[in-house]
Asks: 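Dropping the structure in here first, questions after.
Residue numbers begin at 1 in each chain, while the letters A, B, ... track the order of the sequences.
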Amino acid sequence: MSEKKRIAAIKGTKDILPKEARKWQRVEATAKRIFELYGYREIRAPIFEATELFEKGTGETSDIVIKEMYTFKDKAGRSLTLRPEYTPSIVRSIIEHRLYLQPDPLRFYFIGPMFRYDKPQKGRYRQFHQMDIEVFGEEAPAVDAEIVEMADYLLKTLKVTETEILVNSVGCQGCRPLYLKELREAAEKKRALLCPDCQRKITANPLRIFDCKVETCREAARGFPKITDFLCAECEANFDSFKAHLDSFQISYIVEPRLVRGIDYYTRITFEIISAKLGAQDAILGGGRYDDMMKVFGGPDICGTGFAVGMERLVSLAPFTREAEDFLYLAFLGDEAQEKGMALARFLRQNDLECLIEYKERSLRNQISRANKLGARWVLIVGEEEIKSGKYQLKNMATGNQVEVGKEDIIKVIRESA
RNA sequence: GUGGAUGUAGCUCAGUCGGAUAGAGCACCAGGUUGUGGCCCUGGUGGUCGGGGGUUCAAGUCCCCUCAUCCACCCCA
C-alpha cells in the first residue's frame, strides 16, 4: 500500500469486481442460452495468433491493424498479436480443422477478451470483451435477417430498450469501387466547403465524411451519392430480400447508407444496433457479411456472416435487479462448537446450501451483526446447549423468527420456506 | 496520436486570501449488551493531499513537468 510505486491495472484495463461479475454472469448465461436455441455452438480459440492472420483477415488498411494491435515477438522471434477481433481466428480454425467437411452446421459463438491499443474513453477499453456469433456457408439473406432477429431477441430478453437497428449494404467487389469513385469526385467538388478533417477523408475514407458533426459538412454531404443507389443488381436483390425478411419478423430498422464498418472484409449486408445511452461509442453490436475471407486464407469458397457484441456496453445497458443471496451464516460459541460448526457447514454445503462460518471466535452479537451486514437469509446458532441437545437454533433474518431443528431438518425447513 | 476536464481516507466530498497537529459523512474495527442483527451512543484504524521539481519564512492551496482517470476527436464492440 505505501510502497514507493504501487502497481495498478494497466491503462485501459479494469477489474470486474464480484458485484459487477454477477451481472456479467447473468448476461453471458442469457446469451449462451439464446445462441444455443438458434443452433450455435461454442468455439474457443487462443487469445493470440500469428500477426499475419490479422493483417490478412482484418485488413492491412484498417485502423485496427495499422495502429491498434498489441504485437510482440516471442522468444523464438515469431511475431504474435493479441487478437483485436475474433472472426479471423474462427476462419483459421475452420480451415485448420477442415470443419467445413463436417455435417454439423457451421454456426459458432464465442465469448472472450479482445485487445486494441486505443485511447480509452467511455465504452472503450484496451482489453474489452466481445460475444461473437458467426455462420458459414449460408449465402441466403434470410440468415442475415435471422441473425438480426436473434440479436434483437437477446436485447429484449435482457430488457435493453431504446435501441435502433441500422442496416446497410456496402456492395461487393463489383459495385463498391465504382461508388467510392463517384463519392470521391462529388466530395472533391465541394472540397472548399468541408472542414480540414473531412478534406483529408476525401482520399483516406470518403464514407466517413457522412459522420462529421460540422454543419457545413453535413450540408454538403446531403448531396453526395449514396451507396444504396449504386448497388449492382445482385447486391440490390440481396439487400431487398434481407429487408423483406426483417419486415416479416416485424423488426423495425433504419436504412443507413452511411453505415460503414471499419474493417476491410465486409461485403454486402452490414448492420449495427445502437443506443443513445452509450455516449460517443454508441454501438452495442455490429456485424455483417464477409463472403471472401475464407478464400483469402486459402480455404474453400465459403461465405460468412455474423456479429460481435461489446460486453462492457451491453452489461452497462442491461438493468439488473439484485436478488437476495440465499445463504446461511453459521454462528458458533466456543472451541467445541467451532469443530461441530465446521462439520455442519460441510454437511450443509454438500446439500447445496451456501454457508459461511467464521474462523476465529467472536461474540454471538458480533456474529449475528456480521450475518446481517453480509445479507445472510439464515443464521444457525451452534453453542454448548445445542451440541448437548443436538438441536440448533435456526434464525430467519428477515422475520427474526427462530426455530429449533435437528441437523437433518435444517435443509428441509429452509427449502420449505423458500 | 490530438484536445479539454479532474486527481485530498475504502467511497462521496469539504478545506477561505498561501498560515498552526489535514477534516466530515458513509464504510470498517472494538465497546456499551457474560447467547441474538438492523436503531442509538462512545471510542478506534485508516492520508507521503496522484508523483517529481520549483517559488516562498511557510504549499493540499501558486508555477512547471509527469502519471492516472474521465470526456470528446479519430476509430470501433
Asks: Can you figure out which of rC28(B), rG37(B), rC74(B) approaches the side chain of K373(A) most closely?
Replies: rC28(B)

Asks: What integer distance in Å separates E85(A):CD from rC75(B):C1'?
Replies: 14 Å

Asks: Report the residues that fulfil side chain to side chain contact (heavy atoms under 4.5 Å, CB included) with K156(A), sequence neighbours left out, ordered by chain and then residue number.
Replies: D152(A)

Asks: For T399(A), enumerate each residue passing the side chain to side chain contact (heavy atoms under 4.5 Å, CB included) test, keeping only those at least two apart in sequence or located in another chain.
Replies: N396(A), N401(A)

Asks: Enumerate the residue pairs fulfilling salt bridge (charged side-chain N to carboxylate O under 4.0 Å, His left out) with a member in residues 163-172 of chain A, sequence neighbours excluded, ordered by first and then second residue.
Replies: none

Asks: With the threshold set at under 4.0 Å for non-hydrogen atoms, list the residues of residues 120-131 of chain A touching RNA chain B in residue-number order.
Replies: Q121(A), K122(A), G123(A), R124(A), Y125(A), F128(A), Q130(A)

Asks: What base-paired stems does RNA chain B take part in, with at least 3 consecutive Watson-Crick or G-U wobble pairs and both distances under 3.5 Å?
Replies: B:1-7 with B:67-73, B:10-13 with B:23-26, B:28-32 with B:40-44, B:50-54 with B:62-66

Asks: State which of rA68(B), rA72(B), rU36(B) makes the closest approach to the side chain of A280(A).
Replies: rA72(B)

Asks: On RNA chain B, compare the nucleotides closest to Y117(A) and N396(A); which residue's is nearer the 5' end?
Replies: Y117(A)

Asks: Show the distances under 3.5 angstrom between N or O atoms of the protein and N or O atoms of nucleotides 31-33 of chain B.
Replies:
unit_1, atom_1, unit_2, atom_2, d
rG32(B), N7, R365(A), NH2, 3.3
rG32(B), O6, R365(A), NH2, 2.6
rU33(B), O2, R365(A), NH1, 2.8
rU33(B), N3, R365(A), NH1, 3.2

Asks: Could you list the residues that satisfy ring pair (Phe, Tyr, Trp, His ring centres under 6.0 Å) with H129(A), not counting sequence neighbours?
Replies: W24(A)

Asks: Which pairs with one or both residues in residues 33-60 of chain A pass ring pair (Phe, Tyr, Trp, His ring centres under 6.0 Å), sequence neighbours excluded?
Replies: F35(A)-Y109(A)

Asks: Find every protein N or O atom lying less than 3.5 Å from an N or O atom of nucleotides 2-4 of chain B, and list the pairs.
Replies:
unit_1, atom_1, unit_2, atom_2, d
rU2(B), O4, K119(A), NZ, 3.0

Asks: I368(A) side chain: which of rC75(B), rG37(B), rA30(B) is closest?
Replies: rG37(B)

Asks: Which donor-acceptor pairs under 3.5 Å do side chains of residues 7-20 of chain A form with protein atoms, sequence neighbours excluded?
Replies:
unit_1, atom_1, unit_2, atom_2, d
T13(A), OG1, I10(A), N, 3.3
T13(A), OG1, I10(A), O, 2.6

Asks: Tell me whether the OP1 or OP2 atom of rG35(B) has a side-chain N or O from K395(A) closer than 4.0 Å.
Replies: no

Asks: Once ring pair (Phe, Tyr, Trp, His ring centres under 6.0 Å) is applied, what residue pairs with a partner in residues 180-215 of chain A remain, sequence neighbours excluded?
Replies: none

Asks: With side chain to side chain donor-acceptor pair (under 3.5 Å) as the rule and sequence neighbours excluded, what pairs involving residues 327-349 of chain A come up?
Replies: Y329(A)-E358(A)

